[in-house]
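Remember, it's a predicted structure, so these values are computed and weren't measured experimentally. Chain naming here is simple, since letters A, B, ... match the order of the sequence lines and numbering starts at 1 in each.
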Number of protein chains: 2
Amino acid sequence: MIPRQARKSIGTVINGKSIAEEIRSRVASEVKRMKECIGKVPGLAVILVGDRRDSQTYVRNKIKACEEAGIKSVMAELPNYCAEDDVMTAVLKFNEDPSVHGVLVQLPLPEHLDEEKILNVLSLEKDVDGFHPVNMGNLAMRGREPLFIPCTPKGCLELLIRSGVEIAGKKAVVIGRSNIVGLPISLLLQRHHATVSIVHACTKNPEQITREADIVVTAAGVPNLIRSSWLKQGSVVIDVGTCPIEDPSSEFGYRLVGDVCYEEALRVASAVTPVPGGVGPMTIAMLLCNTLDSAKRVYGFA
Amino acid sequence: MIPRQARKSIGTVINGKSIAEEIRSRVASEVKRMKECIGKVPGLAVILVGDRRDSQTYVRNKIKACEEAGIKSVMAELPNYCAEDDVMTAVLKFNEDPSVHGVLVQLPLPEHLDEEKILNVLSLEKDVDGFHPVNMGNLAMRGREPLFIPCTPKGCLELLIRSGVEIAGKKAVVIGRSNIVGLPISLLLQRHHATVSIVHACTKNPEQITREADIVVTAAGVPNLIRSSWLKQGSVVIDVGTCPIEDPSSEFGYRLVGDVCYEEALRVASAVTPVPGGVGPMTIAMLLCNTLDSAKRVYGFA
């Protein structure tokens with residue numbers, strides 16, 4: 001029988017929304033200071049190809065966040081069936097534009113476009129998403145410093161650090177190995193001296209491996225995958241999964257759920273991020289940070 | 001009490017020496033075929049800075065192996081206190097030389113030289129060591145293909161494959177996280193769908209983590225670190241560690257030992273690589289393969 005107190009919530013909710021707001025307000029005051037001191041502001045260029053509704057929403061949110069922080073944003077919208085050269089031209093134009101300090105190609109691209117080829121031409125100095133292989137290689141290699149750390153992984157790390165979670169020497173399990181989340185978060189945690197295991201679709205007994213972790217970062221995109229039986233008592237759980245599921249009672253007919261059975265996790269873990277309101281808001285906050293840092297580097301502004 | 005049969009050797013010795021010889025002989029016949037068909041041979045350039053005896057030995061062995069395989073080798077030797085520009089000039093010269101298909105800067109470099117800066121100018125198409133961040137980034141990222149996989153990790157993988165070890169879905173533990181072995185082998189095993197954990201100096205209970213692995217690749221450089229108690233029954237152990245220890249009875253006054261207590265491991269593991277004669281010979285064999293592949297790519301020779 002489960003002892004009674006084990007059924008109660010013991011975990012803290014990691015409030016990504018309020019942490020992200022704090023960071024965005026800090027970025028805004030830094031941008032203001034930059035403008036006052038040198039008469040310049042950071043600039044972000046976003047390239048959106050096609051008409052995916054989720055991508056449109058993400059891009060709109062990014063641009064809105066730039067506006068609120070005083071970051072100049074420009075956008076290139078290209079139709080679904082545009083030629084690869086058109087996307088390349090847009091990237092190269094922003095690479096050359098001195099008022100642009102970050103260039104972002106919203107992923108995924110339509111299938112006929114070669115994502116690798118397009119991302120490879122993106123200026124390393126403006127790769128605020130951190131997806132260029134040189135940035136990824138430098139993130140992986142010890143003694144190297146990537147110019148940019150991908151936004152979602154950077155946001156996860158920030159949540160851990162701000163929640164006072166010790167990382168060095170701790171067992172961390174990353175669930176999922178995508179290029180944009182799982183891979184860079186595993187490299188980043190290792191950089192901070194965690195003992196990292198990467199769990200993915202081919203892993204046998206993922207539950208058993210995850211149950212040994214002090215820190216769990218999950219980016220599987222499988223609603224309610226992580227039950228309380230997957231978690232060690234007192235662990236910290238960062239939920240990157242966001243999956244829309246139908247919900248007629250909601251305003252939009254759907255709601256977002258993470259990989260983690262949130263209420264269950266709170267009974268076992270010491271801290272858990274909610275979905276929504278956990279990692280999601282941090283991604284945009286980190287994009288603003290990366291863009292600001294890039295502009296500071298260009299202008300030598302400290 | 002340990003049951004009697006557990007004390008007997010049950011493991012197979014993975015004979016890296018004979019596998020490496022077989023690969024080298026295959027490379028030699030490919031080089032011969034290339035010469036006969038198109039009148040060209042692969043070329044390797046080696047840059048050696050300073051007078052480290054171990055580096056001199058490694059470079060000598062590489063050049064000898066090239067000769068035996070019919071690969072043309074050229075060498076640039078620079079004194080310990082040369083300027084960074086001199087090393088850069090040597091790299092750039094070989095980058096431009098069309099008869100050179102692989103350029104290798106023997107590491108470690110003397111401390112006053114910026115290794116990162118030097119390796120970054122090395123032509124990506126000639127980076128047969130696979131240490132350029134673009135190659136490392138592409139090794140890490142799913143759906144990307146690095147032009148070259150670092151030689152020692154590639155050799156470890158080859159030993160596993162040739163020994164009939166299944167990798168997908170297996171638990172693999174990599175001990176050590178150096179840029180030249182631990183990191184790329186962990187990325188490579190993950191590419192082959194193993195569930196990978198990386199153990200390093202900050203890891204608590206490395207023994208416990210390692211004992212759960214089906215595949216152990218160790219590159220810690222700590223003699224006899226891995227005792228039988230670290231290993232799961234039936235696991236496969238690849239020992240990359242090579243440490244010279246004093247041995248007055250040996251011809252040179254020292255002998256090489258690995259990270260693994262070899263005799264102990266053979267009693268528990270299903271297969272173990274010896275030191276010497278395991279991974280060591282594979283590194284050079286893979287360097288020849290990478291150089292051959294590079295030349296084939298340049299000449300469009302299949």
Side-chain angles (χ1 to χ4, degrees), chain A residues 114-117 119-120 124 130-147 150 166-180 182-184 186-187 189-206 208-210 212-214, chain B residues 114-117 119-120 124 130-147 150 166-180 182-184 186-187 189-206 208-210 212-214:
Chain A
D114 185 340
E115 181 186 305
E116 178 173 350
K117 200 170 150 196
L119 291 185
N120 279 0
L124 206 56
F131 295 156
H132 193 290
V134 169
N135 272 324
M136 208 61 94
N138 283 331
L139 180 65
M141 292 167 87
R142 296 189 78 190
R144 305 276 183 121
E145 286 301 328
L147 284 173
E166 206 188 326
I167 301 172
K170 297 293 174 186
K171 266 194 193 175
V173 165
V174 176
I175 302 173
R177 51 174 172 164
S178 68
N179 287 341
I180 59 177
L183 170 69
S186 69
L187 299 173
L189 287 168
Q190 192 167 300
R191 237 180 145 76
H192 284 77
H193 310 298
T195 300
V196 180
S197 302
I198 302 110
V199 160
H200 47 77
C202 302
T203 300
K204 289 167 191 161
N205 297 321
Q208 186 205 339
I209 297 172
T210 307
E212 283 167 19
D214 304 301
Chain B
D114 185 340
E115 182 186 303
E116 179 173 349
K117 200 170 149 197
L119 292 185
N120 279 0
L124 206 56
F131 295 157
H132 193 290
V134 169
N135 272 324
M136 208 62 93
N138 283 331
L139 180 64
M141 292 168 87
R142 294 189 80 190
R144 304 276 183 123
E145 287 300 329
L147 285 173
E166 205 188 326
I167 300 171
K170 297 291 173 185
K171 266 194 192 174
V173 165
V174 176
I175 302 173
R177 50 174 172 164
S178 68
N179 287 341
I180 58 177
L183 169 69
S186 68
L187 299 173
L189 287 169
Q190 193 169 299
R191 239 182 142 75
H192 283 78
H193 311 298
T195 300
V196 181
S197 302
I198 301 109
V199 159
H200 48 77
C202 302
T203 299
K204 288 167 191 160
N205 297 320
Q208 187 205 335
I209 297 172
T210 306
E212 283 167 20
D214 304 300

Subject >> Largest heavy-atom contact set with chain B, pairs under 4.5 Å, which of A:E116, A:K170, A:E212 >> reply: A:E116

Original post:
When only pairs under 4.5 Å are counted, which of A:H132, A:K171, A:R142 shares the most heavy-atom pairs with chain B?
Top reply: A:R142

Original post:
Does any N or O in the side chain of B:N135 come within less than 3.5 Å of the main-chain N or O of B:L147, such that one atom is a donor and the other an acceptor?
Top reply: yes

**OP:** Would you check if the side chain of B:H200 reaches a backbone N or O of A:A194 as a donor-acceptor pair within less than 3.5 Å?
**Re:** yes

Original post:
Given side chains that start at C-beta, do those of A:P206 and A:I175 come closer than 4.5 Å, heavy atoms only?
Top reply: no

Original post:
With side chains defined as the heavy atoms from C-beta onward, is the minimum distance between B:S197 and B:T203 less than 4.5 Å?
Top reply: no

Quick check on [X] against chain B: is it the side chain, the backbone, both or neither that has a heavy atom closer than 4.5 Å?
| X | value |
| --- | --- |
| A:I209 | side chain |
| A:I198 | both |
| A:I167 | neither |
| A:N120 | side chain |
| A:A172 | neither |
| A:H193 | both |

Original post:
So, are A:R191 and A:E145 salt-bridged, with charged N and O less than 4.0 Å apart?
Top reply: yes

**OP:** Begin from the C-alpha positions of B:L183 and A:M141 and carry the test side chain to side chain contact (heavy atoms under 4.5 Å, CB included) through to its verdict.
**Re:** CA-CA 7 Å; B:L183 169 69; A:M141 292 167 87; 3.9 Å; yes

Original post:
How many angstroms lie between atom CG of A:L187 and atom CE of A:M136, to the nearest 0.5 angstrom?
Top reply: 7.5 Å

**OP:** Tell me, for B:L119 versus chain A, whether the close heavy atoms (under 4.5 Å) come from the side chain, the backbone, both or neither.
**Re:** side chain

